[in-house]
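Some notes on the structure that comes next.
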Amino acid sequence: MVKLANHASAVSPVWLSVPPPIPPFISSSGESAESALCPLTVSPSTLVVRFGDPVAANCSVSEKGFPVLGWIVPLHGPEAVMDRFLVWRVNRMTNWSISPVCYALSEQGGQCDITLPVTVYKPPDSVSISFKNHSGPMFEGHKYTLQCKVQDVAPAENLTVTFYRGQTAMGHLQSSHTEKTPVTEIFCLDITPSKEDNGVQYWCEAKLELGPEGPQHPPVVISQKLNATVFFGPHLICPKPLQVIEGKSLICEVRGNPQPSVIWFRDGQVVALPSHLSKKHAGKYTVCTDGFLGQKNFTVEVEVLAGSGAANSCNRYFLLAALFIQMINSL
């Protein structure tokens, strides 16, 4: 309802459901509404409100000659007043798509108005992560698809989803939906796991980016952590060539998931790795592995270096020889 009253005389007010048809606003200089300055200000200039929360906005006119001020809004719009400001207030925002308009009527005839942009938002009810069409362990080098499901969020066009591997962001995705009402959407990201991914945790985060007019801390909802198990074939962790100091043990590791069985061969014979190497242990070894992902062989060339004891003996003999020569020269 809009109530208009003549402030110059004591006549009865007239109640209207909407503002009456008014000719285009003409300023005192004869300019049209498009070129004339509209002396209306709305505070805040942009409104971001969570669905169900209270909201208020003030409209004011900065110049004289506009005796009537009002709001056109579907949610409990206030009555038009003959004043310099008017507040629109709602105890609970329940409209997903709303465009309040503040207007002022000119004494010269015509109307000036300004629209208040409103964003009504709702954080997701839940966020979950899973693999698309897959369960159980993954295989190294194969392609898989992670999917992040965001349940009932609005507006989707302000939504950003980030996939994480541990604490490292893998990718940022945005929605293409333009609906103002809540939607449920699934975001997908392809991955190709390696052996380094075994045991890591995948998760995703949904964030509403609502701009500077939005909450100081943007609404963020994260998913559960998804533990990754990656099966990978055996690989040898060993320098090439393998140099070992005489008297030390040979350390060479074979890794795989599941852990494969390992057999060492030398000269076609099965051998146990010596714990104290000597020069006789130098040579070429073959490592045969057998596991869930099949068999694989590796070749290791072992070099045995002189130990510290041998070096000390040489130094000791060198010093004795030098002392003997010095004694001969002094005779």
(message) Could you tell me if the side chain of Ile191 sits less than 4.5 Å from the side chain of Tyr202, heavy atoms only?
(response) yes
(request) Among residues two or more places apart or on two chains, list those pairs meeting salt bridge (charged side-chain N to carboxylate O under 4.0 Å, His left out) that have a residue in residues 187-211. (result) Glu140-Lys195, Lys143-Asp190, Arg165-Asp197
(request) Kindly work out whether a path of hydrophobic side-chain contacts (I/L/V/M/F/W/Y, heavy atoms less than 4.5 Å apart) joins Leu116 to Phe66. (result) yes
(request) Taking the side chain as every heavy atom from C-beta outward, state whether Trp96 and Pro182 have any pair of such atoms under 4.5 Å apart. (result) yes
(message) Quick check on side-chain contact (heavy atoms from CB on, under 4.5 Å): which of Val73, Val90, Val49, Val55 does Ile98 satisfy it with?
(response) Val73
(message) Checking Thr184 now: which residues fulfil side chain to side chain contact (heavy atoms under 4.5 Å, CB included) with it, not counting sequence neighbours?
(response) Lys149, Gln151, Asp152
(message) For Leu210 versus Pro219, what's the shortest heavy-atom pair and its separation?
(response) CD1-CD, 4.1 Å
(message) Going by salt bridge (charged side-chain N to carboxylate O under 4.0 Å, His left out), name the pairs with one or both residues in residues 215-231, residues two or more places apart or in two chains.
(response) none
(request) Give me the other members of the hydrophobic cluster that Leu250 sits in, counting Ile, Leu, Val, Met, Phe, Trp and Tyr linked by side-chain heavy atoms under 4.5 Å, directly or via other members. (result) Leu236, Leu242, Val244, Val254, Val262, Trp264, Val271, Leu273, Leu277, Tyr285, Val287, Phe298, Val300, Val302, Val304
(request) Compare all side-chain heavy atoms of Pro117 with those of Thr119 and state whether any distance is below 4.5 angstrom. (result) no
(request) Ignoring hydrogens and angles, state whether a donor on the side chain of Glu157 or Thr178 is under 3.5 Å from an acceptor on the partner side chain. (result) no
(request) Check ring pair (Phe, Tyr, Trp, His ring centres under 6.0 Å) between His172 and all other residues, then give those that pass, not counting sequence neighbours. (result) none
(request) Any salt bridge (charged side-chain N to carboxylate O under 4.0 Å, His left out) involving residues 266-291? Give me the pairs, sequence neighbours left out, ordered by first then second residue. (result) none
(request) Locate the shortest heavy-atom distance separating Pro44 from Ala56; write the atom from each residue and the value. (result) CD-O, 4.0 Å
(request) Compare the SG-SG distance of Cys204 and Cys148 against 2.5 Å and report whether it is shorter. (result) yes
